*Asks:* 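Sharing a structure below in structure tokens format, with a few things to ask.
Whatever order the structure lists them in is the order used to number ligands and atoms, beginning at 1. If you're wondering where the values come from, they're calculated on a predicted model, not measured in any experiment.
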Amino acid sequence: MKMRITLVLISLVLSILIGVSLSNRNGESNGKQAGKQRPLIGLSMDTNKEVRWITDRDIFIGRCKELGANVLVQSANSDDARQIQDVQALISRKVDALVIIPHNGAAMAKAVKMAHEAGIPVLAYDRLITDCNLDLYITFDNVRVGELQAKYLVEHLPQPGKGKIVRIYGAKTDNNAFLLKEGQDKILRPYLERGDITVIHEDWADNWNPEIAKKITNAAITRHGTNFDGILVSNDGTAGGAIQALKEEGVAGRVLVTGQDADLVACQRIAAGNQSMTIYKPIRNLATRAAELAVKLAAGKPIIARNAVNNKQIDVPTILLEVVTVTRDNLVKTVIADGFHSYDDVYRNIPEKERSPRP
Ligand code: BGC
């Protein structure tokens with residue numbers, strides 16, 4: 001199904017937003033769906049080895065079911081060739097819409113092309129698919145995540161705005177890793193230019209692998225000792241690897257470490273003081289909205305997106321969701337109040353008298 005994308009300018013009280021309306025070429029519903037009882041959605045995942053993505057998957061499936069749709073799920077184990085095969089399999093099962101969480105945003109352009117040839121619209125979930133005619137994209141504001149991580153680090157250095165840091169970026173195959181870096185760079189730039197903050201070591205963690213993050217931290221320590229103030233880490237999984245290396249040197253808790261995802265183990269580390277912050281991205285919003293969009297796409301119904309993100313080929317209609325900084329001080333008011341994690345789980349390893357009051 002080729003989608004007609006109409007850019008409509010909608011002016012709101014203070015700002016002008018780009019409204020993107022997607023509709024089927026002839027304004028008809030998806031032909032394949034006619035006569036079918038329930039729409040069929042295909043979900044192609046990079047991995048189901050990280051807690052984060054299991055949460056996404058389960059909420060997504062639950063909401064699709066509530067909306068009367070069935071979901072077929074494939075997970076590629078971080079392998080591009082396998083993810084292409086997964087998409088092929090979903091296409092041959094005649095899904096009405098495809099939702100892809102790409103391992104490699106560039107490699108999945110081929111999957112989008114194949115889906116379009118079969119008349120199936122594609123929604124990129126959380127991670128952008130570049131160099132293709134992608135129909136729709138839903139994500140958190142990743143540049144903002146990077147800004148919040150760097151801002152926290154800068155403000156909480158022993159001497160605020162001054163110090164030595166290590167930087168651990170995400171997977172080079174993931175466009176988000178670059179957006180996070182972009183946000184971080186924006187905040188750090190003036191401090192780096194003045195020489196107030198120095199990056200003593202930096203590297204990319206392939207596949208967002210915690211083991212690689214640990215090795216990067218070990219390498220920083222081997223070269224420079226433990227005389228640095230913080231590690232600007234892009235997500236909680238890799239923060240876990242970095243913290244493990246710091247623990248082995250006896251400096252966990254002293255060296256600031258950032259993260260993202262509000263994984264339970266990261267929230268427990270924050271409660272214990274080993275990780276300084278994380279970014280809570282309300283996955284329920286993302287997965288729920290994505291399910292609603294996928295079901296609409298499957299039915300060829302119009303969709304309004306207020307943002308657009310360039311994927312090197314087109315401006316992809318995009319839905320951007322807000323994020324929240326989580327620290328030891330607001331664990332209760334954020335992830336716990338939202339029911340993302342329970343109070344008992346977050347404070348499981350903390351003696352009663354050292355816990356924040358139960359809500
Ligand atoms: C996501 C993060 C996640 C990372 C590793 C990124 O694309 O935005 O939430 O931690 O991938 O899976």
*Asks:* Contact residues of ligand 1 with a heavy-atom cut-off of under 4.0 Å?
*Replies:*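 Under the 4.0 Å cut-off, ligand 1 touches Glu50, Arg52, Trp53, Asp126, Arg127, Asp174, Asn176, Trp208, Asn235, Gln260, Asp261, Lys281.
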*Asks:* Can you name the residues that form a side chain to side chain contact (heavy atoms under 4.5 Å, CB included) with Ala266, not counting sequence neighbours?
*Replies:*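 For Ala266, the residues satisfying side chain to side chain contact (heavy atoms under 4.5 Å, CB included) (neighbours in sequence not counted) are Asp236, Asp263, Arg269, Gln275.
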*Asks:* What residues, two or more places apart in sequence or in another chain, satisfy side chain to side chain contact (heavy atoms under 4.5 Å, CB included) together with Glu211?
*Replies:*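 Checked Glu211 against side chain to side chain contact (heavy atoms under 4.5 Å, CB included); matches are Asn209.
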*Asks:* Hey, is Lys172 close enough to Asp206 for a salt bridge, meaning N to O under 4.0 Å?
*Replies:*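 Asp206 and Lys172: not salt-bridged.
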*Asks:* According to side-chain hydrogen bond (donor to acceptor under 3.5 Å, both in side chains), who are the partners of Lys312, at least two apart in sequence or on a separate chain?
*Replies:*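 If we apply the side-chain hydrogen bond (donor to acceptor under 3.5 Å, both in side chains) test to Lys312, skipping adjacent residues, there are no hits.
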*Asks:* If you measure only the distance, is there a donor-acceptor pair under 3.5 Å linking the side chains of Ser356 and Tyr343?
*Replies:*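 On atom types as modelled, these side chains do not qualify, holding no pair under 3.5 Å.
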*Asks:* Within the 3.5 Å criterion, strictly below it, is a donor on Asn207 or His103 matched to an acceptor on the partner's side chain?
*Replies:*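 Asn207 vs His103: donor-acceptor pair found between side chains.
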